[in-house]
Amino acid sequence: MNASNLDLFDAEEAPVATRERIGERAIVLRGLALSYVPELLPALEAIGRAAPFRHMTTPGGLRMSVALTNCGALGWTSDAHGYRYTRRDPQTGQPWPAMPAPFLRLARAAAAEAGFEDFRPDACLVNRYLPGTRLSLHQDRDEHDFAAPIVSVSLGIPAVFLFGGHARADRAARIPLHHGDVLVWGGPDRLRYHGVLPVKEAHHPLLGGQRINFTFREAGRP
Ligand code: MD6
Ligand code: FE
């Protein structure tokens, strides 16, 4: 190996994304978002200014421990009447912030890597976890049809993702997710139960003591 080859393996180089298949059509693309982070973070701050993170209430009257906001044409909301997608932020009365171009590029690239061509997300749910925040087992079934995959991006401090089966009581695999990891799932895995264990205290150099998750969906009518 000569010097120029060695340069290719310099520790400064971004690691090549590795793939872990966790279901028939579910895959973790390790580190795929890393090269997008410099564009994602300023866009995330702008979203948070226009549509602040808030704790929603479930139809059962419980306050969600995850704080959330949205970007894209449709935003996911929850209140006493149920879960649904809306065109406007109920808190400001304004349309949700537009989906930033690098968000869309990342989501489409991840879907294509996972074999889902021409993913056209119209909704991006942005979740914020502080230490102790958890997300209980749920299915994502508020979208208009389930043919499209979901693309989920993890940033900041790590978390353990629970990936269950089609019944709530099915045993769930524990999948650690780190800064830059992208999870794509669809097809027969689209309606599997999943959640996030309580996040442990940690520090991330760019995001401090928080975990941010984006989930991209095709939520509306085609
Ligand atoms: C999270 N994610 O990772 C929460 N849903 O913070 C989800 O609820 C989720 O990551 C559907 C598909 C992928 C996900
Ligand atoms: Fe979900």
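Side-chain atoms are counted along with the backbone in the values below, which use heavy atoms only and exclude waters and symmetry mates. Atoms within a ligand are numbered from 1 in the order they appear, just like the ligands themselves. If you read the sequence from its start, that first residue is 1, and numbering goes on from there.
By the 30° and 60° cut-offs, the orientation of the rings of H204 relative to H179 is tilted.
In terms of protein heavy-atom proximity, atom 12 (C) of ligand 1 is closest to W185 CZ2, 3.0 Å. Nearest protein neighbour of atom 4 (C) of ligand 1, counting heavy atoms only, is Y129 OH, 3.4 Å. Summary of contacts: the protein heavy atom closest to atom 11 (C) of ligand 1 is D140 OD2, 2.8 Å.
Which parts of ligand 1 touch H138 is read off a 4.0 Å heavy-atom cut-off, strictly below it: atoms 8 (O). Ligand-side atoms of ligand 1 in range of I150: 11 (C), 12 (C), 13 (C), range being under 4.0 angstrom from any heavy atom. Taking every non-hydrogen atom of L135 and a distance limit under 4.0 Å, the qualifying atoms of ligand 1 come out as 4 (C), 8 (O). Contact atoms of ligand 1 toward N213: 1 (C), 2 (N), 3 (O), 4 (C), 6 (O) (distance under 4.0 Å to a heavy atom of the residue).
Considering each of R211, R217, H194, the one bringing a non-hydrogen atom nearest atom 3 (O) of ligand 1 is R211. Compare S152, G195, G186 by their heavy atoms: the one nearest to atom 14 (C) of ligand 1 is in S152.
Geometrically, R192 engages F163 in a cation-pi contact defined by less than 6.0 Å to the ring centre and at most 45° from the axis.
Minimum-distance N/O/S atom of D140 relative to the Fe ion (ligand 2): OD1.
Rounding to the nearest 0.5 Å places OH of Y129 at 4.0 Å from CG of L135.
Salt-bridge check for D181 with R30: passed, with a basic side-chain N closer than 4.0 Å to an acidic carboxylate O.
Residues that satisfy the salt bridge (Lys or Arg N to Asp or Glu O under 4.0 Å) test with R211, not counting sequence neighbours, are absent from this structure. Residues satisfying the ring pair (Phe, Tyr, Trp, His ring centres under 6.0 Å) test with F53, not counting sequence neighbours, are none.
Summarising the local packing, CZ of R120 is surrounded by 12 or fewer heavy atoms from other residues, nucleotides or ligands at distances under 6.0 Å.
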